J.: 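Dropping a structure here in structure tokens format, bear with me for questions.
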2 protein chains.
Amino acid sequence: MPGRHAPAAGDHGTRQGRGRPTGHDVAGAAGVSQATVSLVLGGKWEGRVSTRTAEAVRAAARELGYRPNLAARTLRLGRTRTALLVVPALTNDFFATVHRGAAEVAGAHDFGLVLYPSPEGIDAAPDPFASARTALDGVIASSMAPEALTALRGEGLPLVMLDSDEGACDATVNVDLADGIRQVVAHLRDMGHRRIAHIAADVDSWTFEVRARALEEELHANGATLVGAARGPLSVAGGLEAATQVLTAAYGPHAADTAEGSPTALVCDDDLLAVGALKAARRLGLRVPEEVSVTGIDDVALATAVEPELTTVRLPAERVGAAGMRALLAVLDGQQVEPARLPVQLVVRGSTGPSPSGGLPRP
Amino acid sequence: MPGRHAPAAGDHGTRQGRGRPTGHDVAGAAGVSQATVSLVLGGKWEGRVSTRTAEAVRAAARELGYRPNLAARTLRLGRTRTALLVVPALTNDFFATVHRGAAEVAGAHDFGLVLYPSPEGIDAAPDPFASARTALDGVIASSMAPEALTALRGEGLPLVMLDSDEGACDATVNVDLADGIRQVVAHLRDMGHRRIAHIAADVDSWTFEVRARALEEELHANGATLVGAARGPLSVAGGLEAATQVLTAAYGPHAADTAEGSPTALVCDDDLLAVGALKAARRLGLRVPEEVSVTGIDDVALATAVEPELTTVRLPAERVGAAGMRALLAVLDGQQVEPARLPVQLVVRGSTGPSPSGGLPRP
DNA sequence: GTCGTCCAGTTATACGTAAAACGAGAGGGG
DNA sequence: CCCCTCTCGTTTTACGTATAACTGGACGAC
């Protein structure tokens, strides 16, 4: 046997190159054809291959450390068993948890999940496929701009949206934010708060519209009033800015002595904004929660990192991700998927307390 | 022309199926062969195809919305122009920024970048390829457990490590943490601090060993002493726990009146730990920075979300990612890459102040 | 006129897998 | 004895791309 020679065609069973072993190599080692290898390793061999041959194939594959070439498989099958998860940002660890939930379900179904953090945050979304570099079977997307969404739809890929309007996609998984707001307002009412301000995200997204509408309705239903509102970018800095604006208008040196009065509680669209609001209150010399209460939404790690810890609405991030992935799998399976609406729960911590202005309304 | 018929072989130029157009479709539309399409679109047509034909091909491709099948290309070429970025966790937005930097460079070189958050944090790493579902050209990894690293090396893939020991990989990109610690200690010395405690991460990783060693050396060089140390998980809760341990030993009800005395400053291995230390101090009734100073490392968003804001060492996260990707590209290009060591900068904020115990050492 | 030599393409092939179509031998029934 | 079925495989093909190998003219040079 000479030392080196070019890989001869039909040289079944010997492998010279440094590349990964292929199905043909396994076939050679096991003394069968590549087709048999594919059948056995694909699990569809029952009644077509004898048990001992199947075992020999598996042994050879194990021996050589064979792993099928994904590109070849994809080319052949036209599917990849891979999904893309598009998230607006990773500075909010809510989405990191969503990913974990989705990845777990994906793994259990032998699916891959590629995480795509939309670079421009929530607004723009350049071609995710350029980044993913994979043919995809479907997409799970969170809070996407309409333009990016239509681009995605143009690909003809199954699409599951998280926290988004129903329609225009194959399935939705939402959290019951209206109920979350309801719990927040009820909690504040029980604490005696009647004048409430809204620190909102300046993002034109369905999920934030829901929060605003629910807040309005719940305040009305509880006999409370909205005294001030401001919008800011979805970040701590944005919350700081918006809350400063609201609080200086109410408590600042030139406070307009409005008929409505000053807010005793700030309801914020998410935890980042709420933490910004905490900072704003502190900078203005307002004590939290003695003088002003603050609430958030999400219950991210940040919520318990600050002092006082944040009263917030805990969203089941992991379940959202898991449900999103399951919905996508169902869609790929041709099933009809009805919209999911996951429950949320208020977590009361140190950032809310009794209203300074009035006594408790209950006896 | 009958309504429907099976796709006839050799039916050049007409496309019935709902699938994406292929190179053959473009060829049919442009009146050339698939090979010519590949040549033109691949950019290697100069001197082989006339300009007007090339233009016709490009027009047809544009018209049909042709996009090459990645799987087929990968299968043919054996490379994917895709890299994997392995990060320990996404709760720390440092890595989100690293990803952004790497993704930008990747995009500029027509490379894809898939983000893989190691589920078990820093310790274990199940097969990333199962998740990525792509053949990969290389890997950029951050703070990996040795076992996961060897598994990765076993794939024979080019590997660039971030903040890791040199050797055992093809290139490293580090930040100059020793210098960061030097700046921290110098700052504390200037503030009169002589007794310092170390809040460390209980992670056996090169990058944290560097911090511990550097702190030891710098304290010695500046005539300060280490009075207490504790390790905790890399999180706010971990920092809270470790710092509580250190501070109660020094200031608590049963404080051992050690010869060394109590620490006036806590140097923490990262910002999460530092925020936990802030909480611990506050809970024990110690004011920051009046009674105890706290420093972190990373300068994540969290650092400015808390009150007081954190004095910390800013790491050039985006540059780390960019340098990592560039290093990988160079390795793939067969070049020798020398280890990079990026500069860091101390950012002084509200969590550090003059030592309460002694006057300033300088005139 | 014959022979290179370009030009402007085409034809053919390989990548590794999945699966449809196709045997070959054994055994059984009529 | 022939045909049918059943078992256990093999041969072949297609997926879409990149590129090596080839071709058929046109054009000069000798």
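Since the model is a prediction, treat every value here as computed from it, not as a measurement. Chain letters run A, B, ... following the sequence lines, proteins first and then strands; every chain starts at 1.
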J.: Can you tell me the distance, in whole Å, between the CZ atom of B:R81 and the P atom of D:dT17?
T.: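 Going from CZ in B:R81 over to P in D:dT17 covers 17 Å.
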J.: Looking at every strand, decide which applies to A:S50 at a 4.0 Å heavy-atom threshold: base, sugar-phosphate, or nothing.
T.: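 Since only primed, P, OP1 and OP2 atoms lie under 4.0 Å of A:S50, the category is sugar-phosphate.
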J.: Could you check A:A54 against B:Y66 and say which one's nearest nucleotide on DNA chain D is further toward the 5' end?
T.: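 The residue mapped nearer the 5' terminus is A:A54.
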J.: Need one value for B:G23: base, sugar-phosphate or nothing, where a base atom within 4.0 Å counts as base even if backbone is also close, heavy atoms only.
T.: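 Sugar-phosphate only.
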J.: Does A:A56 have any side chain to side chain contact (heavy atoms under 4.5 Å, CB included) partners at least two apart in sequence or in another chain, and if so, which?
T.: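 Side chain to side chain contact (heavy atoms under 4.5 Å, CB included) list for A:A56, sorted by chain: empty.
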J.: Begin from the C-alpha positions of A:E55 and A:R52 and carry the test salt bridge (charged side-chain N to carboxylate O under 4.0 Å, His left out) through to its verdict.
T.: CA-CA 5 Å; A:E55 197 43 60; A:R52 50 175 289 116; over 6 Å; no
J.: Is atom CD of A:Q335 surrounded by more than 12 heavy atoms (other residues, nucleotides or ligands) closer than 6.0 Å?
T.: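 Yes, CD of A:Q335 has more than 12 neighbouring heavy atoms, counting only those of other groups under 6.0 Å.
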J.: List, with names and distances, any nitrogen or oxygen atoms from the protein found under 3.5 Å away from nitrogen or oxygen atoms belonging to nucleotides 10-15 of chain C.
T.:
residue, atom, partner, partner atom, Å
C:dT10, OP1, B:S33, N, 3.3
C:dT10, OP2, B:S33, N, 3.0
C:dT10, OP2, B:S33, OG, 2.7
C:dT10, OP2, B:T36, OG1, 2.4

J.: Take atom NE2 of A:H24 and atom C1' of D:dT11, then tell me their distance rounded to the nearest Å.
T.: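 Value for this atom pair: 11 Å.
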J.: B:E46 CD to C:dG9 P: how many Å, rounded?
T.: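 It is 14 Å, rounded to the nearest whole Å.
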J.: Show me the pairs that pass side-chain hydrogen bond (donor to acceptor under 3.5 Å, both in side chains) and involve residues 79-90 of chain A, at least two apart or across chains.
T.: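 Residue pairs passing side-chain hydrogen bond (donor to acceptor under 3.5 Å, both in side chains), neighbours aside: A:T80-A:D137.
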J.: Has A:T74 got a side-chain atom pairing as donor or acceptor with A:L70's backbone, closer than 3.5 angstrom?
T.: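 Confirmed, A:T74 side chain pairs with A:L70 backbone.
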J.: Please determine whether the number of non-hydrogen atoms from other residues, nucleotides or ligands lying under 6.0 Å from atom CD of A:E318 exceeds 12.
T.: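 Enclosed.
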J.: Regarding B:T53, tell me which of base, sugar-phosphate or nothing describes its non-hydrogen contacts under 4.0 Å with the strands shown.
T.: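 Answer is sugar-phosphate: B:T53 comes under 4.0 Å of backbone atoms only.
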